Amino acid sequence: MRSFHLATVTDEDLLQQLQGGVADALAVLFDRHYRQVFSVARRILRDSGEAEDLMQEVFLDIYRDVDKYDPARGSVKNWILGYASHRSINRWKYLKLRGHYDERLE
């Protein structure tokens, strides 16, 4: 399936394409959801640079963990945003332990 056809399919179909080895499907998912993933990460991390890094990591993880998606548990969009939320919280805890937020208050 060519990438211009991928833009017209559902998120669930894009995940199936990813499972089948069509890497272009990730680019379409990214285009559809990167703003929301960034927004979640930015809201939690309160740092645009960290949020941008985390956003990229989330989509790489989606690519690696595409087999973990369970349609019975919700939509692809909710799965991606849940992934972003959990990763952002973990990153926030990591940064807080290392004083990242203390330095910003000074």
Side-chain angles (χ1 to χ4, degrees):
M1 188 177 282
R2 296 189 188 264
S3 61
F4 61 88
H5 293 301
L6 291 174
T8 62
V9 300
T10 66
D11 289 346
E12 289 77 11
D13 291 336
L14 289 170
L15 284 187
Q16 287 178 347
Q17 292 296 318
L18 269 177
Q19 288 172 335
V22 179
D24 288 346
L26 182 64
V28 176
L29 278 174
F30 181 85
D31 286 342
R32 287 183 186 176
H33 301 291
Y34 80 91
R35 288 176 196 88
Q36 293 165 316
V37 170
F38 178 80
S39 178
V40 166
R42 175 71 177 94
R43 199 171 324 122
I44 293 170
L45 296 171
R46 299 184 316 244
D47 182 308
S48 294
E50 288 290 337
E52 189 171 329
D53 289 346
L54 189 120
M55 175 189 63
Q56 293 174 8
E57 291 172 17
V58 164
F59 282 98
L60 286 174
D61 288 344
I62 295 299
Y63 181 74
R64 283 185 227 131
D65 296 339
V66 67
D67 293 331
K68 293 182 181 178
Y69 171 68
D70 180 5
R73 298 189 68 190
S75 69
V76 172
K77 177 182 173 181
N78 287 340
W79 180 62
I80 292 171
L81 294 178
Y83 222 109
S85 178
H86 286 98
R87 290 293 306 269
S88 296
I89 291 167
N90 289 341
R91 179 67 146 246
W92 180 84
K93 290 176 183 176
Y94 172 85
L95 292 171
K96 178 128 176 82
L97 282 172
R98 279 145 187 83
H100 177 75
Y101 296 105
D102 297 340
E103 294 170 4
R104 295 183 75 203
L105 293 176
E106 295 177 357

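Because the structure is a prediction, the values reported are computed rather than measured.
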Chemist: When rounded to the nearest 0.5 angstrom, what distance separates OH in Y69 from CD in Q16?
Modeler: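 Answer for the OH-CD pair, Y69 versus Q16, is 9.5 Å.
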Chemist: Would you please test H100 and D47 for side chain to side chain contact (heavy atoms under 4.5 Å, CB included) and show each step?
Modeler: CA-CA 10 Å; H100 177 75; D47 182 308; 3.1 Å; yes
Chemist: One pair to check against side chain to side chain contact (heavy atoms under 4.5 Å, CB included): L60 and R64. What are the steps and the verdict?
Modeler: CA-CA 6 Å; L60 286 174; R64 283 185 227 131; 3.6 Å; yes
Chemist: Looking only at heavy atoms, which two atoms of S48 and F38 are closest? And how far apart?
Modeler: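 Nearest heavy atoms, S48 then F38: O-CE1, 3.6 Å.
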Chemist: Roughly how far, to the nearest 0.5 Å, is CG of D65 from CG of L18?
Modeler: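 So the gap between those two atoms works out to 11.5 Å.
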Chemist: Could you tell me the separation between the OG atom of S85 and the CZ atom of R43, rounded to the nearest 0.5 Å?
Modeler: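 Reported to 0.5 Å precision, the distance equals 9.0 Å.
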Chemist: Which pair of heavy atoms, one from R32 and one from T10, lies closest together, and at what distance?
Modeler: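 Nearest pair, atom of R32 first, then T10: NH1-C, 3.6 Å.
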Chemist: Show your working on side chain to side chain contact (heavy atoms under 4.5 Å, CB included) between Q17 and V28 and close with a plain yes or no.
Modeler: CA-CA 11 Å; Q17 292 296 318; V28 176; over 6 Å; no
Chemist: So, for S88 and L54, which heavy atoms are closest and what is the spacing to 0.1 Å?
Modeler: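 Smallest heavy-atom distance, with atoms named: OG-CD2, 3.2 Å.
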Chemist: Mind listing the side-chain donor-acceptor pairs of residues 73-82 below 3.5 Å, one per line with the distance, residues two or more places apart or on another chain?
Modeler:
{"residue": "S75", "atom": "OG", "partner": "N78", "partner atom": "N", "Å": "3.1"}
{"residue": "S75", "atom": "OG", "partner": "N78", "partner atom": "ND2", "Å": "3.4"}

Chemist: CH2/W92 to CD1/I44 distance, rounded to the nearest 0.5 angstrom?
Modeler: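 So the gap between those two atoms works out to 10.5 Å.
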Chemist: Are F30 and Y34, when compared by the centres of their aromatic rings, separated by less than 6.0 Å?
Modeler: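 Yes, close enough.
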Chemist: So, E50 and R42, do they make that salt bridge, N to O below 4.0 Å?
Modeler: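 Answer for the salt bridge query: no.
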Chemist: Nearest 0.5 angstrom please: R46 CZ to L95 CG, how far?
Modeler: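 It comes to 10.0 Å.
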Chemist: Please step through side chain to side chain contact (heavy atoms under 4.5 Å, CB included) for the pair L26 and L14, ending with a clear verdict.
Modeler: CA-CA 7 Å; L26 182 64; L14 289 170; over 6 Å; no
Chemist: Just how far is it from atom NZ of K96 to atom CG of L45, taken to the nearest 0.5 Å?
Modeler: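 Between atom NZ of K96 and atom CG of L45 there are 13.0 Å.
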Chemist: Please check if the side chain of S39 supplies one atom and the backbone of R35 the other of a donor-acceptor pair under 3.5 Å.
Modeler: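 No, the answer is negative, given that no donor and acceptor are paired below the 3.5 Å cut-off.
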